[in-house]
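Below you'll find the structure, written out as structure tokens, and then a few comments.
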There are 2 protein chains.
Amino acid sequence: MKSGSVILELQRATHATLQLLTTELVDLDLTASEINALGNLADGVGRTVSELGAAIGTRPATLTGILDRLERRGLITRAPRPGDRRAVLITLTTDGVRTAALIRQTLDAVEQRALAGLAADVVQAARTVLLALTEARR
Amino acid sequence: MKSGSVILELQRATHATLQLLTTELVDLDLTASEINALGNLADGVGRTVSELGAAIGTRPATLTGILDRLERRGLITRAPRPGDRRAVLITLTTDGVRTAALIRQTLDAVEQRALAGLAADVVQAARTVLLALTEARR
DNA sequence: TATTGTTATACTCTATAACTATA
DNA sequence: TATAGTTATAGAGTATAACAATA
């Protein structure tokens, strides 16, 4: 065992699932990043640009363009955050809630299908490893 | 437990490790995709464009540009594959071997550092899940 | 005819730095 | 002065379709 690199396997899995997701959600006409953003907002909790950027791994400058398109399509709104007007709070619109729910649904379906044969503790172990890699520092 | 989506956590971990990697390897002046390609070629086994594309999750049309830059920098060579001259066999040059080795070394170091506290069977479980997600079909 | 890879096009993502507005 | 986000720019990744060479 223990042949390849976990990190290379990680990137492989990410590309594969991303491609599968955009294929299944092709009718929404959204990019992978847009799907990722909406998927993270799906819980209905508003987030600032920085917070969302940290969650999906994109810088604020990149996120601006993604949010521009989502806003233009009426899926999110941007508003200054009460208490600190420098920050921008991103919230799903009614349409956005519906779209995000569909994304989460598809996400869960893909996940269940892919991991159907695996024991719960195996999946839980994977979560632990993913979290450790996410928090890796130099 | 079991709050978020494994797939969203997967993408988060990928972004984080990718960013860490390019930071640690900034002296090589390579993009994430170039690092990914070289990391996959590091075992010294030649691969066709299709094979490498499948390994790193990019389409042949995308890979062409990545390979163009790696070839221009003298890290890989392209040659028709004996037996099927339609296919292009990608091989590391001497410089490429050295660079790929450094990448694998850094990859392993990041991985060891991040997963230091975790039991071997937890990491192995994560590999199983990553493989299952990589092979997910609709 | 089918397959492998490249090219062409248009759009999206990315990094960096400069900028605005708030704090 | 510092922070949050946007804008500007240039380069890289992406999907799709059309194409040449080979099978």
Side-chain angles (χ1 to χ4, degrees), chain A residues 11 14-38 46-73 76-91, chain B residues 11 14-38 46-73 76-91:
Chain A
Q11 299 185 17
T14 300
H15 273 119
T17 50
L18 223 48
Q19 203 153 317
L20 186 54
L21 262 181
T22 47
T23 299
E24 298 222 351
L25 294 172
V26 68
D27 292 345
L28 294 181
D29 190 31
L30 294 169
T31 67
S33 290
E34 290 161 1
I35 290 174
N36 200 355
L38 291 176
R47 283 165 178 78
T48 65
V49 172
S50 302
E51 288 166 353
L52 185 57
I56 72 178
T58 60
R59 285 175 168 62
T62 304
L63 207 41
T64 295
I66 297 169
L67 296 176
D68 283 349
R69 284 189 298 280
L70 292 177
E71 190 177 34
R72 202 180 316 132
R73 293 180 55 163
I76 63 157
T77 57
R78 287 193 264 210
R81 170 157 84 178
D84 184 348
R85 299 175 46 76
R86 293 173 304 180
V88 170
L89 197 60
I90 304 154
T91 317
Chain B
Q11 298 185 19
T14 299
H15 272 120
T17 51
L18 222 48
Q19 204 152 317
L20 186 53
L21 262 182
T22 47
T23 300
E24 298 222 352
L25 294 172
V26 68
D27 293 345
L28 294 181
D29 191 31
L30 294 169
T31 67
S33 290
E34 290 161 0
I35 290 173
N36 200 354
L38 291 176
R47 282 164 179 79
T48 66
V49 171
S50 300
E51 288 166 352
L52 185 57
I56 72 179
T58 60
R59 284 174 170 63
T62 304
L63 207 41
T64 295
I66 298 170
L67 295 176
D68 282 349
R69 285 190 297 281
L70 292 178
E71 190 178 32
R72 203 180 315 131
R73 293 180 55 163
I76 62 155
T77 58
R78 287 194 263 209
R81 170 156 85 178
D84 185 347
R85 298 174 48 75
R86 291 174 305 182
V88 170
L89 197 61
I90 305 154
T91 317

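Lettering follows sequence order; numbering is per chain, from 1.
As a whole-Å value, the separation of B:L18 CG from C:dA15 C1' is 13 Å. A straight line from CD of B:E51 to C1' of C:dT3 spans 14 Å, rounded to a whole angstrom. Remark: C1' of C:dT14 and CD of B:Q11 are 16 Å apart, rounded to the nearest angstrom. One interatomic measurement links the two molecules: CD of B:E71 to P of C:dG5, which rounds to 14 Å at whole-angstrom precision. As rounded to whole Å, 16 Å separates atom P of C:dC11 from atom CG of A:D68.
Applying the side chain to side chain donor-acceptor pair (under 3.5 Å) rule to pairs touching residues 77-86 of chain B yields B:D68-B:R78, B:E71-B:R78, B:D84-B:R86, sequence neighbours excluded.
The B:P60 side chain lies nearest to C:dT6 when the options are D:dT6, C:dT6, D:dT14.
The stretch residues 30-38 of chain B does not touch DNA chain C, since none of its heavy atoms comes less than 4.0 Å from the strand. Remark: nothing in residues 19-26 of chain B comes within less than 4.0 Å of DNA chain D through any heavy atom.
Taking CG of A:L70 as the start and CD1 of A:I90 as the end, the distance is 9.0 Å to the nearest 0.5 Å.
Qualifying side-chain hydrogen bond (donor to acceptor under 3.5 Å, both in side chains) partners for B:T14, counting only residues two or more places apart in sequence or in other chains: A:T14. Among residues two or more places apart in sequence or in another chain, the side-chain hydrogen bond (donor to acceptor under 3.5 Å, both in side chains) test is passed with A:Q19 by none.
As judged by a 4.0 angstrom heavy-atom cut-off over every strand, A:I66 is placed among residues touching the sugar-phosphate backbone only.
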Protein-to-nucleotide contact annotation, 5' to 3' order, nucleotides 16-23 of chain C [B base; S sugar-phosphate only; - none; under 4.0 Å, heavy atom]: B-----BS
